[in-house]
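Everything on this sheet refers to the single structure shown next.
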Protein chains: 2
Amino acid sequence: MFSKTCEYGLRAVIFIAQQAKTNKKVSISAISEAIDSPQAFTAKVLQQLTKHKIVQSIKGPFGGFFIEEKNLKTISLSHIVQVLDGDGIYTGCGLGLQQCNDKEPCPLHFKFINIRENLKKMLENTTLLELSSDKNIANYYLKN
Amino acid sequence: MFSKTCEYGLRAVIFIAQQAKTNKKVSISAISEAIDSPQAFTAKVLQQLTKHKIVQSIKGPFGGFFIEEKNLKTISLSHIVQVLDGDGIYTGCGLGLQQCNDKEPCPLHFKFINIRENLKKMLENTTLLELSSDKNIANYYLKN
DNA sequence: ACAATAAAAGACAATAATATCTTTTATTGT
DNA sequence: ACAATAAAAGATATTATTGTCTTTTATTGT
């Protein structure tokens with residue numbers, strides 16, 4: 001479904017968001033430990049997300065990554081996926097055709113529209129605010 | 001969504017199915033031309049599908065690939081995807097966790113269930129019979 | 001100023017996916 | 001038997017993804 005880059009990115013952002021209430025900054029080593037991901041690779045992913053203002057970072061002692069609490073409700077999973085995997089998941093053809101649209105559809109085009117729309121809505125409607133709730137933290141896992 | 005292997009495989013099988021009525025065999029060069037795919041690579045994909053009895057093949061002059069007309073209604077897209085991409089698309093975790101289930105779910109687990117189910121049903125319910133109808137052939141494209 | 005810390009940036013390495021090329025095997029018609 | 005055809009099988013090449021390592025830059029406290 002998503003690339004490894006995107007998987008790590010989503011898990012990392014969710015973890016950072018879950019620490020946002022205390023306005024706590026988290027280091028890359030803490031993140032990769034919490035989500036069980038390769039540290040250096042995850043650092044690269046977070047670089048991209050920092051450039052795109054999804055997360056913020058501060059260098060040096062007591063530095064790390066964080067998300068301002070007021071941004072939690074405006075950042076959706078759709079943003080993150082868009083940055084890391086592009087919009088292929090929304091617009092790409094299921095059979096890999098370059099041009100596939102209502103005028104020139106592949107045999108599965110209209111069958112995929114519904115599924116795509118579901119996925120899109122889910123990603124757009126799921127915000128970091130929801131994912132950082134206490135209930136969420138208590139019931140769901142970011143690693144095995 | 002799917003790998004290139006699976007995209008080419010699906011398009012190839014649909015094309016072969018569309019020739020099944022006349023019980024016509026189609027060569028790999030005809031297939032790769034019809035679906036605009038790399039010939040040698042597509043041949044490899046068809047080898048896999050032949051081993052799994054999705055399509056049949058005959059070597060030598062007047063040989064080629066074909067699907068028996070009576071099988072068109074029993075072969076679903078789900079079969080093909082399963083063979084070429086495995087069942088990761090159904091069972092895999094959206095966030096990439098090794099273990100992700102109702103007992104130990106990732107934060108998106110229950111949100112994905114619905115989407116997965118939709119996709120699964122679509123792939124299971126779409127048969128080669130449907131995709132090889134005259135209406136289908138007339139209205140949909142397998143290449144640009 | 002200096003040492004310590006931590007992210008940013010760049011270079012490099014390993015692996016997997018995609019793609020091509022060559023040889024072998026099976027089938028057909030002459 | 002032989003040549004031609006076409007898929008199967010194996011080997012190799014290319015590219016993209018994933019992962020690691022080293023150096024640089026920014027920040028903090030002493």
Side-chain angles (χ1 to χ4, degrees), chain A residues 1-13 15-16 19 24-67 84-86 88-89 92 95-96 98, chain B residues 1-13 15-16 19 24-67 81 83-86 88-89 92 95-96 98:
Chain A
M1 176 109 267
F2 303 126
S3 68
K4 286 285 166 196
T5 294
C6 195
E7 288 176 0
Y8 297 148
L10 286 167
R11 273 149 65 193
V13 170
F15 176 70
I16 297 167
Q19 320 295 314
K24 215 169 58 180
K25 292 184 278 290
V26 277
S27 70
I28 181 62
S29 63
I31 293 167
S32 63
E33 208 281 320
I35 70 173
D36 189 27
S37 68
Q39 180 169 328
F41 191 74
T42 308
K44 288 288 182 197
V45 178
L46 284 169
Q47 269 180 41
Q48 292 185 63
L49 293 170
T50 304
K51 279 176 193 159
H52 283 86
K53 318 278 188 186
I54 306 276
V55 304
Q56 292 180 262
S57 69
I58 292 182
K59 291 180 181 178
F62 305 101
F65 296 91
F66 66 100
I67 300 171
L84 297 177
D85 275 358
I89 200 156
L95 295 185
Q98 289 305 311
Chain B
M1 178 108 265
F2 302 126
S3 68
K4 287 284 167 198
T5 293
C6 195
E7 289 176 358
Y8 298 148
L10 287 166
R11 274 150 63 193
V13 170
F15 176 70
I16 297 167
Q19 320 295 315
K24 215 171 61 182
K25 293 185 277 293
V26 278
S27 69
I28 181 61
S29 63
I31 294 168
S32 63
E33 209 281 321
I35 70 173
D36 189 28
S37 66
Q39 179 169 327
F41 191 76
T42 308
K44 288 289 182 195
V45 177
L46 283 169
Q47 270 181 41
Q48 292 185 65
L49 292 170
T50 304
K51 279 177 192 157
H52 284 84
K53 319 276 188 187
I54 306 276
V55 304
Q56 292 179 262
S57 70
I58 291 181
K59 291 182 182 178
F62 306 101
F65 296 91
F66 65 101
I67 301 171
V81 171
V83 165
L84 297 176
D85 275 359
I89 201 156
L95 296 185
Q98 289 304 311

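Note on naming: letters A, B, ... go to the chains in the order of the sequence lines (proteins, then strands), and numbering restarts at 1 for each one. Any value given below was found using the heavy atoms of this structure, including those in side chains, with hydrogens, waters and symmetry copies removed.
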How close or far is atom C1' of D:dT18 from atom CG of A:D85, stated in whole angstroms? 13 Å
Would you mind telling me which residue lines up with the more 5' stretch of DNA chain C, B:Y8 or A:G64, judged by nearest nucleotide? A:G64
Mind calculating the distance between NZ (B:K59) and P (C:dT27) to the nearest angstrom? 7 Å
Base of C:dA9 paired with side chain of A:Q47 (donor-acceptor, under 3.5 Å): yes
Mind checking if A:T50 touches a base, just sugar-phosphate, or nothing, with heavy atoms under 4.0 Å? sugar-phosphate
What integer distance in Å separates A:H52:NE2 from C:dA8:P? 14 Å
Report the distance from atom CZ of A:F66 to atom P of D:dT27, rounded to the nearest whole Å. 12 Å
Is the shortest side-chain N/O distance from A:T5 to OP1 or OP2 of D:dT18 below 4.0 Å? yes
In the strands shown, is C:dA9 matched to any nucleotide by a Watson-Crick or G-U wobble pair with both distances under 3.5 Å, and which? D:dT22
Pair of N/O donor and acceptor under 3.5 Å linking C:dA9 base with A:K44 side chain: yes
What's B:K51 touching, base or sugar-phosphate or nothing? Going by heavy atoms closer than 4.0 Å. sugar-phosphate
Start at the 5' end of DNA chain D and walk down; is the nucleotide closest to A:T42 or to A:G60 reached first? A:T42
Applying a 4.0 Å non-hydrogen cut-off, can you work out what A:S3 is touching in the nucleic acid: base, sugar-phosphate, or nothing? sugar-phosphate
A:F41 CZ - C:dA8 P separation (whole Å): 16 Å
B:I58 CD1 to C:dG29 C1', straight-line distance once rounded to whole Å: 16 Å
Is it the case that the side chains of A:S32 and A:S37 hold a donor-acceptor pair, with the cut-off being a distance below 3.5 Å and no angle test? no
Checking C:dG29, D:dT27, D:dA7 against the side chain of B:F62 (C-beta onward), the nearest is C:dG29
Please assess B:L10 against B:L84 for the test side-chain contact (heavy atoms from CB on, under 4.5 Å), listing each intermediate value before the final yes or no. CA-CA 9 Å; B:L10 287 166; B:L84 297 176; 5.8 Å; no
From the candidates D:dA8, D:dA4, C:dA8, the one with an atom nearest any side-chain atom of B:S57 is D:dA8
Quickly work out the B:I28 CD1 to C:dA26 P distance and round it to whole Å. 20 Å
Nearest-0.5 Å distance that lies between atom CD1 in B:I16 and atom CD1 in B:I31: 4.0 Å
If you define the side chain from C-beta out and look only at heavy atoms, does anything of A:T5 sit under 4.5 Å from A:Q48? yes
What nucleotide among C:dT27, D:dT18, C:dT18 has an atom nearest to a side-chain atom of A:K4? D:dT18
Watson-Crick or G-U wobble mate for D:dC2, both contacts under 3.5 Å: C:dG29
Using side-chain heavy atoms (C-beta onward) and a distance below 4.5 Å, is B:T50 in contact with B:F65? yes
Separation of D:dT17 C1' from A:F2 CZ (nearest whole Å): 17 Å
Run the side-chain contact (heavy atoms from CB on, under 4.5 Å) check on B:M1 and B:I89 step by step: do they pass? CA-CA 8 Å; B:M1 178 108 265; B:I89 201 156; 3.7 Å; yes
